Protein chains: 2
Amino acid sequence: MADPMKRLPILPAERALKIIAGRWKAIILYHLYDRPRRLSELRKLVPEISQKVLIQQLREMEEHQLVRREIFRQVPPRVDYSATTLGRSLEPVLLALCDWGRMHAAELDEVDRLVDCARLERTTSNPIAKAAEAILSPA
Amino acid sequence: MADPMKRLPILPAERALKIIAGRWKAIILYHLYDRPRRLSELRKLVPEISQKVLIQQLREMEEHQLVRREIFRQVPPRVDYSATTLGRSLEPVLLALCDWGRMHAAELDEVDRLVDCARLERTTSNPIAKAAEAILSPA
DNA sequence: TGTCATACAGACCAAAAGGTAACCATGGCC
DNA sequence: GGCCATGGTTACCTTTTGGTCTGTATGACA
């Protein structure tokens with residue numbers, strides 16, 4: 001992603017998708033919402049992802065200002081990654097995606113294959129989920 | 001995308017992203033929200049996309065049940081693509097993405113590069129946008 | 001018979017995204 | 001000097017995605 005900012009789509013929805021649709025970005029962000037995390041911590045939290053790709057995704061999110069990187073010059077070195085305000089503003093959107101994904105799985109009888117969005121709020125409290133549900137099953 | 005259903009991610013948010021993050025899916029869906037469209041119509045509405053890729057995206061959305069394909073055996077043949085209920089339930093989510101994308105551009109002073117989400121509702125009426133805004137600029 | 005419009009299909013290619021495995025730099029500590 | 005941990009980088013490969021260009025089936029109609 002050379003010159004990433006220059007290449008973001010001009011349609012807002014596509015821009016948003018481009019920014020968050022990376023293979024691991026949602027889960028990483030999700031763990032950063034809890035608290036700042038060190039690289040080694042993130043590796044333990046998401047063991048399926050290789051270190052190179054993890055750093056790659058973090059760098060992209062840093063460029064898009066979803067994530068902040070702080071270096072503490074210690075021995076051994078310490079680097080903290082945390083969610084910026086812009087990154088946090090994505091939480092309701094990710095929640096909407098999560099709820100819609102669950103609804104979609106439900107419609108196709110695949111809920112059993114799903115894993116929970118864990119600490120994210122429940123469906124009923126999310127206005128987007130309500131809107132989507134209203135479309136699926138009108139009163 | 002062979003066996004597309006078998007391969008959808010097990011995390012709901014990732015599942016949702018996988019389903020809608022295709023290069024042209026948002027715009028296609030957006031045009032289908034208006035009314036059913038014929039292939040030739042869609043080609044005119046989104047001239048940048050090649051026919052093969054257009055069909056590809058439509059087929060994937062059909063498999064994920066966002067889109068319905070109806071064949072009318074006429075001469076010349078006629079095929080209508082339309083948004084299913086499941087496809088329509090995505091509208092609030094796309095709207096949320098659109099609003100967030102605009103906010104993101106605003107934060108980075110790139111709004112001028114953006115194009116409008118046209119007939120989609122305005123920011124102020126969208127609860128997700130409100131939530132995201134509240135995070136960015138707390139009262 | 002040839003041409004037309006519509007909707008597709010297939011061969012092939014290019015770029016992007018994701019992934020593996022190996023290596024490097026720092027500085028404390030034994 | 002050799003080893004440790006942390007947080008990287010680099011070279012290389014595979015898969016996925018998007019794209020071009022060409023071919024095809026149908027049946028009306030001139």
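From a predicted model like this one, the values you see are computed outputs, not experimental measurements. Order of the sequence lines fixes the chain letters, A, B, ..., with proteins taken first and strands second; residue numbering starts at 1 for each chain.
Remark: A/R38 is in phosphate contact with D/dG7, judged by side-chain N or O atoms under 4.0 Å from OP1 or OP2. Remark: B/R59 is in phosphate contact with C/dA9, judged by side-chain N or O atoms under 4.0 Å from OP1 or OP2. Side-chain nitrogen and oxygen atoms of B/R43 include none within less than 4.0 Å of the OP1 or OP2 phosphate oxygen of C/dA7. The phosphate of C/dG18 has OP1 or OP2 within less than 4.0 Å of a side-chain N or O from A/Q57. Here B/R78 does not reach the OP1 or OP2 of C/dA5: none of its side-chain N or O atoms lies under 4.0 Å away. Residue A/K52 places no side-chain N or O under 4.0 Å from the OP1 or OP2 atom of C/dA17. The shortest distance between the side-chain N/O atoms of B/S50 and the OP1/OP2 oxygens of D/dG18 is not below 4.0 Å.
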Exercise for the section: Test B/Q51 against B/R43 for side-chain hydrogen bond (donor to acceptor under 3.5 Å, both in side chains), laying out the working first. Expected result: CA-CA 7 Å; B/Q51 178 165 299; B/R43 283 204 301 172; 2.7 Å; yes

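Atom-to-atom, CZ of B/R69 to P of C/dT6 comes out at 16 Å; the value is rounded to the nearest Å. One can place CD of A/Q51 at 13 Å from P of C/dT20, the figure rounded to the nearest angstrom. Spacing between atom CG of B/L39 and atom P of C/dA9 amounts to 11 Å, rounded to whole angstrom units. When the P atom of D/dG8 is taken as reference, atom CZ of A/F72 falls 13 Å away, rounded to whole Å. If you take CG of B/L58 and P of C/dC8, they are 9 Å apart, rounded to a whole angstrom. Atom C1' of nucleotide D/dG18 and atom NZ of B/K25 are separated by 12 Å, given to the nearest angstrom. Rounded to an integer number of Å, the gap from B/K18 NZ to D/dT15 P is 14 Å. For A/L54 and C/dG18, the CG to P distance is 13 Å, given to the nearest whole Å.
If you check every strand for non-hydrogen atoms under 4.0 Å, A/Y81 touches sugar and phosphate atoms only.
Comparing atom distances between the B/P76 side chain and each of C/dT6, D/dG7, C/dA7 picks out C/dT6 as nearest. Distances from the side chain of B/V53 to the nucleotides D/dT20, C/dA7, C/dT20 place D/dT20 closest. Out of C/dC8, D/dA28, D/dG8, the shortest distance to the side chain of A/I55 is found at D/dG8. For B/W24, taking side-chain heavy atoms from C-beta onward, the closest of the listed nucleotides D/dG19, D/dA28, D/dG8 is D/dG19.
Nearest-nucleotide positions on DNA chain C for A/P77 and A/A21 put A/A21 closer to the 5' end.
With hydrogens and angles disregarded, no donor-acceptor distance shorter than 3.5 Å links the side chain of A/S89 to the backbone of B/L136. Between the B/R88 side chain and the B/Y33 main chain, a donor and an acceptor come within less than 3.5 Å of each other.
Closest approach of A/S82 to A/L32, counting heavy atoms only: C-CD1, 4.2 Å. Smallest separation of non-hydrogen atoms from A/L8 and B/R113: O-NH2, 3.2 Å.
Between B/H104 and A/R15, some side-chain heavy-atom pair lies under the 4.5 Å cut-off.
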